[in-house]
Amino acid sequence: MTLYALPPSINPTKRRSKVVPQGPHPTRAFGYILYFDCLRVWADRFYEELHGVKISSLPEAEREEALFSILATAVQSIPMEVYGKVPGLPRLLRRIILMDGSTMTYMFVLKDDSSPEALNAKVSEEDLKKMAEVLGVGDQKAKWYYVRD
């Protein structure tokens, strides 16, 4: 029987980052606002991955239906894409919050005030910059916002 040693950089027992415990009702959250234009870019990307065409290339009559058919999937898939590219970010279960349903504005949450652990989650400036780039939010800075239940 041949045994192979793994390089020291690979640790098969190391698990993904622990999820930061959150309480039931935050009143404030720290993160980036995802406006509809940003979500549209993500939706177009996911639609192209699934269907092989960009939403913008569809006939005008089909664009809105295609956009809204993939939007929920895009919103829920964004965190995994971001965590894969910025592994140092704290993981929260309540990581996407709908801020305004009338404008389809969401927030990607990095911290909130629902528990001491969530309030004190560590986020480096380097990770914030990289996250803004991955999200496509331009010059927006992560900051604290009031949130509703």
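The model shown is predicted, which means the values in this text are computed figures rather than measured ones. Just so it is clear, the values below take in all heavy atoms, side chains as well, and ignore hydrogens, waters and symmetry mates. In this chain, residues are counted from 1 in sequence order.
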* Same cluster for V41 and Y35 if Ile/Leu/Val/Met/Phe/Trp/Tyr side chains link at under 4.5 Å? -> no

* Is M99 linked to Y146 within one hydrophobic cluster, defined over Ile, Leu, Val, Met, Phe, Trp and Tyr using a side-chain heavy-atom separation of less than 4.5 Å? ->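 No; Y146 is not reachable from M99 via cluster members.
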
For [Y], is there any backbone N or O sitting under 3.5 Å from a side-chain donor or acceptor partner on [X]?
X: S114; Y: G23; value: yes
X: Q22; Y: A118; value: no
X: W42; Y: G136; value: no

Are any of the side-chain heavy atoms of [X] and [Y] separated by less than 4.5 Å?
X: L34; Y: T105; result: no
X: Y145; Y: I33; result: yes
X: T27; Y: V147; result: no

List the atom of [X], the atom of [Y], and the distance in Å for their closest heavy-atom pair.
X: P79; Y: F108; result: CA-CE1, 3.5 Å
X: L110; Y: P90; result: O-CG, 3.4 Å
X: Y32; Y: V137; result: CD2-CG2, 3.8 Å

* Structure fact -> Residues at least two apart in sequence or cross-chain that pass ring-ring contact (aromatic ring centres under 6.0 Å, His included) with Y47, listed by chain then number, are H51

* Can you list the residues that meet the ring-ring contact (aromatic ring centres under 6.0 Å, His included) rule with F30, with sequence neighbours excluded? ->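 ring-ring contact (aromatic ring centres under 6.0 Å, His included) check on F30 returns W144.
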
Rounded to the nearest 0.5 Å, how far does [atom2] of [Y] lie from [atom1] of [X]?
X: R63; Y: R40; atom1: CZ; atom2: CZ; value: 10.0 Å
X: E62; Y: I55; atom1: CD; atom2: CD1; value: 11.5 Å
X: I78; Y: Y106; atom1: CD1; atom2: OH; value: 9.5 Å
X: M104; Y: C38; atom1: CE; atom2: SG; value: 12.5 Å
X: T103; Y: L39; atom1: OG1; atom2: CG; value: 9.5 Å

* What pairs meet the salt bridge (charged side-chain N to carboxylate O under 4.0 Å, His left out) rule with one or both residues in residues 99-127, with sequence neighbours excluded? ->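 Residue pairs passing salt bridge (charged side-chain N to carboxylate O under 4.0 Å, His left out), neighbours aside: R94-D112.
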
* **Qualifying salt bridge (charged side-chain N to carboxylate O under 4.0 Å, His left out) pairs with a residue from residues 128-147, counting only residues at least two apart or across chains** => none

* To do: Answer yes or no on whether R91 is positioned over the face of Y83, meaning its NZ or CZ is under 6.0 Å from the six-membered ring centre and within 45° of the axis.
  => yes

* For K54, what residues pass the salt bridge (charged side-chain N to carboxylate O under 4.0 Å, His left out) criterion, not counting sequence neighbours? ->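 For K54, the residues satisfying salt bridge (charged side-chain N to carboxylate O under 4.0 Å, His left out) (neighbours in sequence not counted) are D44, E48.
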
* Report the C-alpha distance between V82 and L135 in whole Å, list the side-chain angles of each, state the deciding distance to 0.1 Å, and finish with yes or no for side chain to side chain contact (heavy atoms under 4.5 Å, CB included). => CA-CA 7 Å; V82 172; L135 284 173; 3.6 Å; yes

* To do: Report the residues that fulfil side-chain contact (heavy atoms from CB on, under 4.5 Å) with E49, sequence neighbours left out, ordered by chain and then residue number.
  => R45, F46

Show me the donor-acceptor pairs within less than 3.5 Å that the side chains of residues 64-75 make with the rest of the protein, sequence neighbours left out.
unit_1 : atom_1 : unit_2 : atom_2 : d
S69    : OG     : E65    : O      : 3.4
S69    : OG     : A66    : O      : 2.7

* Asked: Sequence neighbours excluded, which residues qualify as side-chain hydrogen bond (donor to acceptor under 3.5 Å, both in side chains) partners of S56?
  ->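 With neighbours one apart ignored, the set is empty.
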
